[in-house]
Amino acid sequence: MMQQFDTQQMNEAVNEAYEKFRGDDGGKNADYIPFLANVPSQLFGISVCLPDGEIVEAGDTDYVFGVESVSKVPTAILAMEQYGPDTVLDQIGADATGLPFNSIMAILLENDHPSTPLVNAGAIAACSMVKPVGDASGKWKAITDFLEKLCGSPLVLQDELYKSESETNFNNRSIAWLLKNYDRIYDDPDMSLDIYTRQCSMGVTARQLSICGGTIANRGVNPVTHERVFDAAITPKIVSMIATVGFYEHTGDWIFSSGIPAKTGVGGGIVGVLPGVMGIAAFSPKLDGSGNSVRAQHAIKYITNKLGLNLFG
Ligand SMILES: NC(=O)CC[C@H](N)C(=O)O
């Protein structure tokens, strides 16, 4: 049985993690998207959303940062909600790539398959699947409405980030058109890529991300608003995807040492999900060589290990 904890113990663990790692200066901001290079790198926040909607937090949990690849999780859930998990498995897949998030090689090695909605190729394919197909503004509304329900409050597009990323996303343009070559994109490639780039540029806070994780942990019911956001049967599907590829080529090391499925983004955010137990998010801009926030990783690992929280425990 998983160790039980009370709110006080979680509060202590969160504050200890914050104090312990706030001075850690390892890593550096993402700079391949110019906007991200200029985000103040000392920012650090940790937020936990418990099944009763209680939030336990420390640090800069109100700071709005770029959600980036964490946005792949909501869109994957939306595609599964619209089509059913088996169709998403068939059209995109659920395989770990073992390669970096933006790997073109992964598409070639997987025999033309985008692998999973949680890497760039699969996320662009997921955006192409979102209904209404062929209608960019309808798709965008579906995605942003869904994000708002998952997080319990609206997210706002960071225009400058969107501009910065759109001007420099040459690798992703190649991915979108390679998918077209293999018939693995299900709407216009440029439009699907633009939707993907825009969703990555949404601003989010660590608190909102923890509520998003809490909604997944709570089997589709937002623990704060009490609204049912998606079908309960999708939780094990999305958590399995997060567990297998949430940290890309370092997913095995991550899950081995933290015990919690988690998804990272180059904006510095990480969201972790333990079904029935909690959603946890941490944010700090400095990243390791694979694009994962250094302080956020330390903080989440510290908390799960301290409280004996482990998916496999
Ligand atoms: N790992 C990430 O957060 C990458 C997201 C970024 N928008 C990209 O496509 O490169």
Side-chain angles (χ1 to χ4, degrees), residues 27-39 64-76 92 96-107 114-128 140 143 147 155 157-179 185 189-204 206 209 212 241-242 244-251 254 262-272 281-297:
K28 70 181 187 61
N29 284 36
D31 55 10
Y32 78 102
I33 300 169
F35 176 90
L36 296 178
N38 299 320
V39 177
V64 178
F65 58 94
V67 66
E68 293 296 346
S69 278
V70 181
S71 68
K72 290 166 175 158
V73 172
T75 305
I92 300 177
T97 62
L99 288 166
F101 59 84
N102 55 0
S103 176
I104 286 175
M105 187 65 77
I107 306 171
S115 296
T116 161
L118 302 191
V119 298
N120 288 18
I124 297 166
C127 288
S128 78
W140 183 239
I143 290 173
L147 273 172
L155 274 59
L157 183 72
Q158 295 199 296
D159 291 306
E160 267 188 72
L161 176 56
Y162 172 49
K163 189 165 175 285
S164 180
E165 190 155 345
S166 299
E167 284 167 353
T168 52
N169 63 352
F170 309 114
N171 189 82
N172 286 343
R173 290 184 214 176
S174 313
I175 289 175
W177 282 96
L178 192 56
L179 291 175
I185 193 155
D190 290 328
M191 186 255 266
S192 305
L193 174 63
D194 180 58
I195 297 277
Y196 166 78
T197 310
R198 254 192 280 171
Q199 75 172 31
C200 287
S201 307
M202 291 299 271
V204 73
L209 266 193
C212 171
M241 285 172 168
I242 298 171
T244 47
V245 79
F247 271 69
Y248 313 113
E249 68 272 38
H250 293 308
T251 305
W254 167 261
K263 181 76 199 76
T264 70
V266 292
I270 299 181
V271 66
F283 154 68
S284 197
K286 286 186 160 193
L287 311 178
D288 66 15
S290 303
N292 306 318
S293 167
V294 173
R295 284 184 198 159
Q297 289 183 70

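All ligand and atom numbering here is 1-based and tracks the order in the structure.
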- For ligand 1, what is the set of protein residues having any non-hydrogen atom at a distance below 4.0 Å? Tyr32, Glu68, Ser69, Phe101, Asn120, Glu165, Asn172, Tyr196, Cys200, Tyr248, Gly265, Val266

- Task: For Ser103 and Leu99, indicate whether the former's side chain and the latter's backbone hold a donor-acceptor pair under 3.5 Å.
- Result: no

- Return the set of residues passing side-chain hydrogen bond (donor to acceptor under 3.5 Å, both in side chains) with Ser192 (not counting sequence neighbours), or none when no residue passes. none

- Exam field: side chain Ser71 to backbone Val67, donor-acceptor pair closer than 3.5 Å: no

- Query: With sequence neighbours left out, what residues match Asp288 under side-chain contact (heavy atoms from CB on, under 4.5 Å)?
  - Reply: Ser290, Asn292, Val294, Gln297

- Does any donor atom in the side chain of Asn120 or Asn102 lie under 3.5 Å from an acceptor atom in the other side chain? no

- Message: Under the rule for ring-ring contact (aromatic ring centres under 6.0 Å, His included), what residues qualify as partners of Tyr196, not counting sequence neighbours?
- Response: none

